[in-house]
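By convention in this document, chain letters (A, B, ...) are assigned in the order of the sequence lines, proteins followed by strands, and residues within each chain are numbered from 1.
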Protein chains: 2
Amino acid sequence: MDKKKLYRAFKAIGEPTRLKIVKMLAQGSFCVCELSEYLDMLQPRISQHLKILKDEGLVRENRESYWVYYSLDKEAFHRLWHDFMAYLDTDLKTLGEFEEVVKRMENKVCNQRIRDTKIKKMQNKLSGEQN
Amino acid sequence: MDKKKLYRAFKAIGEPTRLKIVKMLAQGSFCVCELSEYLDMLQPRISQHLKILKDEGLVRENRESYWVYYSLDKEAFHRLWHDFMAYLDTDLKTLGEFEEVVKRMENKVCNQRIRDTKIKKMQNKLSGEQN
DNA sequence: TATTTATATAAGGATTTAAGAATATATTTA
DNA sequence: TAAATATATTCTTAAATCCTTATATAAATA
């Protein structure tokens, strides 16, 4: 429900290499060397991207002797979307981040100006028609 | 179902300013000047981010005289998640992007090596126990 | 303990991106 | 047509990001 958590998760998926890794892990669990070999990418590149996905809680790691197997936390993905939808549905007033925004909206400075302009325009048109 | 389309949409949401704009538009439709005023951001900044969201088909624009009102295409969001889930479920073999990957996996060079190592290790342990 | 294998982290360079300033375009009105 | 208003686009700079190379860490084995 936290904005930062949301955009960071989307940012994590919103990158071609990481989406490719996510797609691989959707097929099953793989260790770093397998991903590196199958995707034909250098190992540090895989590790770094996996770290980003892990930091967002989207993948899990599982050490087996030398190898660290990574797998998708599918529940985390569903939670992500659910939280995002809930975030969009949440009343602005209850979100601390929008405190100042809500104040500005209550003043309706901008809306007021627009409305005034529109009213003025309509009045002008009407008075024009009366001539 | 296209990987590029997917990661670009997530990338669009995966940025704090744009997520904030999306959240605003989830409350209703706003023109650029309203967003600019309420979010206390310079107008070009709003326009630029709206363009990115629009390019991904996540928001719609609607001109009314001077003003361009933007609104959320909620259906596009649902479609995005649906397509993402479908992408994850799709067989690797049917995705052109993974053609080479599938070939490498079929060779099982990496798996083979790992398996061999594990088998060797197990054999060593077994032979050790027999001593 | 030294070596091997797999993975993680750090440093560097190249590219991309976001933000602000300046300018251009579009629509309406005088 | 000129001026006013709202929006879009361009340009520049600073920061972030990605990839590679090099190095460090962790686990297993000789």
(request) Among I13(A), V22(A), L19(A), find the residue that satisfies the side chain to side chain contact (heavy atoms under 4.5 Å, CB included) test when tested with L6(B). (result) L19(A)
(message) I need the CG-C1' distance between L35(B) and dA6(D), as an integer number of Å.
(response) 13 Å
(request) Using a strict 4.0 Å threshold on nitrogen-to-oxygen distance, state whether E61(B) and K54(B) make a salt bridge. (result) yes
(message) Heavy atoms from C-beta onward define the side chain here; which of dA8(D), dA27(D), dC18(D) lies closest to that of E61(B)?
(response) dA8(D)
(request) Starting at atom CG of L53(A), determine the distance to atom P of dT17(D), rounded to an integer number of angstrom. (result) 14 Å
(request) Please report the closest heavy-atom contact between F30(B) and M24(B), naming both atoms and the distance. (result) CE1-O, 3.3 Å
(request) In whole angstrom, give the distance that lies between atom CG of N62(B) and atom P of dT27(C). (result) 13 Å
(message) Nearest whole Å is fine: how far is dA19(C) C1' from I21(B) CD1?
(response) 12 Å
(message) Please tell me if Y70(B) has a side-chain N or O lying less than 4.0 Å from either OP1 or OP2 of dA6(D).
(response) no
(request) Assign each of T17(A) and R63(A) to its nearest nucleotide of DNA chain D by heavy atoms, then name whichever residue's nucleotide is nearer the 5' end. (result) T17(A)
(request) Can you sort out which residues in residues 43-51 of chain A have a heavy atom within less than 4.0 Å of DNA chain D? Ascending by number, please. (result) P44(A), R45(A), Q48(A), H49(A)
(request) Could you please name the option among dT20(D), dT7(C), dA18(C) that lies closest to any side-chain atom of L42(A)? (result) dT20(D)
(message) Would the distance check show the side chain of R63(A) and the main-chain N or O of Y66(A) forming a donor-acceptor pair, the cut-off being under 3.5 Å?
(response) yes
(message) What is the distance, to the nearest angstrom, from the CD atom on E34(B) to the C1' atom on dT7(D)?
(response) 14 Å
(message) Is the distance from the ring center of F10(B) to that of F84(B) below 6.0 Å?
(response) yes
(message) Just the rounded figure in Å: distance from P of dA6(D) to CE of M41(B).
(response) 20 Å
(message) Given 3.5 Å as the limit, does a donor-acceptor pair link the side chain of S36(B) with the main chain of M41(B), or not?
(response) yes
(message) Report for the helix from dT1(C)-dA30(D) to dA30(C)-dT1(D): angle between first-end and last-end helix axes, five pairs each, rounded to 10 degrees.
(response) 10°
(request) State plainly whether the residues K11(B) and E56(B) are in salt-bridge range, i.e. N to O under 4.0 Å. (result) no
(request) Starting at atom CG of L39(B), determine the distance to atom P of dG20(C), rounded to an integer number of angstrom. (result) 13 Å
(request) Rounded to the nearest angstrom, tell me the gap between atom CH2 in W67(B) and atom C1' in dT27(C). (result) 10 Å
(message) Counting the atoms with a prime plus P, OP1 and OP2 as sugar-phosphate, which does K11(B) contact under 4.0 Å by heavy atoms, base, sugar-phosphate, or nothing?
(response) sugar-phosphate
(request) Taking only Lys NZ, Arg NE, NH1 and NH2, and the carboxylate oxygens of Asp or Glu, determine whether E106(B) and K103(B) approach each other closer than 4.0 Å. (result) no
(message) Is it the case that the side chain of Q27(B) and the backbone of K23(B) share a donor-acceptor pair, with hydrogens and angles ignored and the cut-off at 3.5 Å?
(response) yes
